[in-house]
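Computed from heavy atoms alone, side chains included, the values below leave out hydrogens, waters and symmetry copies. Source: prediction; values computed, not measured.
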Amino acid sequence: LQTYPDFPWGAYQTPSEAYNNWYIEESRIKGGFNNRIMDLGVRAYAVVKNTTKDDRSSSLIFSGIYNDRTGINNTNVFSVAEDIVKSVDPANGSIQKLYAEDTNLSIFQELKISRALIDKDAIYSAEGGGTLTSANLVIGAIQPYLGKYGISTDPTSFAMYGQNKYFSDRNNNVILKLSQAGIDEISSANMIDYFRDTLGSLEVAGIEGNIIGGYDIYNKQYVVSTQKPNNGLSETLAYDELVKGWTSFFSYAPDQIFSLGNSFYSLKDGSLYEH
C-alpha cells in the first residue's frame with residue numbers, strides 16, 4: 001500500500017479511495033445531454049447606499065395590475081422603472097383617506113379634499129374646456145374641490161351613502177358633506193355653536209379625542225360620535241338628509257358604527273349591538 005500525502009484532501013491509501021469522497025454538482029437536469037439547464041437567473045446589481053425610510057405621506061404609490069380572468073397578479077410588484085407615484089400638495093398635510101367611486105378617486109388630506117381620474121386622463125383645450133380621453137394611466141389628473149376643507153386626522157369620521165360622503169374637519173370645527181355639487185357644511189344647520197365648542201375641545205392635556213362616524217341605512221341618517229380621551233365626555237348625534245338638520249341625540253358612545261344589509265350596528269368594547 002502506498003500513501004499520497006500531497007493529495008489536497010489528506011492522505012489516502014489509494015487514488016480510488018480519494019475519488020470516492022468527491023461530489024460533483026452540475027446544472028443540467030438528470031445530467032443528460034442537451035437536457036434543461038438550471039441557471040441563477042436575473043440578479044440585482046443596483047446598490048442602495050441610503051437605506052433609511054422615506055416617509056411620503058402625501059403621495060400615492062400603486063403596484064402592478066390584478067386580473068383574475070387571466071390569472072395575472074402583480075399586486076406585489078412595484079417597479080421603479082415605471083411611473084408609479086402620484087403626489088398631492090404636501091402643504092395640505094398627509095393623505096388620511098382614499099375612496100374609489102366609479103372612475104374617480106377621492107383623496108382626503110388633512111387640509112384639502114381632491115379627486116383624481118382613474119385609468120383615464122383629461123386633455124384641456126385652448127378655451128379651457130376639458131375632454132376625457134383614455135390613456136395608460138392608473139391615476140390621472142388631480143383636481144381639488146373648492147374650499148379650504150380637509151378631514152384633519154379623523155378618517156374614522158368618514159361615512160358614505162349613495163353619492164354623499166360625510167366626514168368631520170376638526171381644524172375648522174365643522175361637519176361636512178361631499179357630493180357632486182361640492183362640499184357643504186352640514187354643521188351649519190342650527191348647530192354652528194355646538195360643533196365649534198365640541199370639536200374645539202376634544203383635545204385634553206395634549207391627547208386628541210376620537211370622532212367616529214357611520215351611516216344608519218335604516219333611518220337614513222349620518223351618525224357621528226365625539227369622544228374625549230381617557231373615557232371622557234362622549235356625545236352622539238344624527239343628521240337627517242330629508243329634513244336637512246340634526247334630529248337626535250343618543251346615549252351610546254361606540255367604538256365603531258356601520259350598516260349591513262338593512263340594519264345598523266355599533267361596536268363597543270368587543271361587543272356587537274344591533275340598533
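Counting only residues at least two apart or in different chains, side chain to side chain donor-acceptor pair (under 3.5 Å) contacts with residues 261-274 comprise Ser263-Glu274, Ser266-His275. Each salt bridge (charged side-chain N to carboxylate O under 4.0 Å, His left out) pair with one or both residues in residues 140-162, not counting sequence neighbours, appears once here: Asp154-Arg170.
Atom CD1 of residue Ile95 and atom OG of residue Ser58 lie 6.5 Å apart, to the nearest 0.5 angstrom.
Across every non-hydrogen atom of Ile118 and Ala100, the tightest pair is CD1-CB, 4.4 Å.
Residues satisfying the side chain to side chain donor-acceptor pair (under 3.5 Å) test with Glu235, not counting sequence neighbours, are Tyr194. With sequence neighbours excluded, no residue forms a side chain to side chain donor-acceptor pair (under 3.5 Å) with Thr226. Listed by chain and number, the residues in a side chain to side chain donor-acceptor pair (under 3.5 Å) with Gln109 amount to none (sequence neighbours excluded). For the side chain to side chain donor-acceptor pair (under 3.5 Å) test, residues two or more places apart in sequence or in another chain that qualify with Tyr149 are Glu185.
No side-chain N or O of Ser94 forms a donor-acceptor pair with one of Ser57 less than 3.5 Å apart.
For CG of Leu272, the number of neighbouring non-hydrogen atoms (other residues, nucleotides, ligands) closer than 6.0 Å is greater than 12.
Of the candidates Asn173, Asn171, Asn172, Ser152 forms a side-chain hydrogen bond (donor to acceptor under 3.5 Å, both in side chains) with just one, namely Asn171.
When ring centroids are compared, Phe158 and Phe108 come within the 6.0 Å threshold. Aromatic pair Tyr218/Phe264: ring centres not closer than 6.0 Å.
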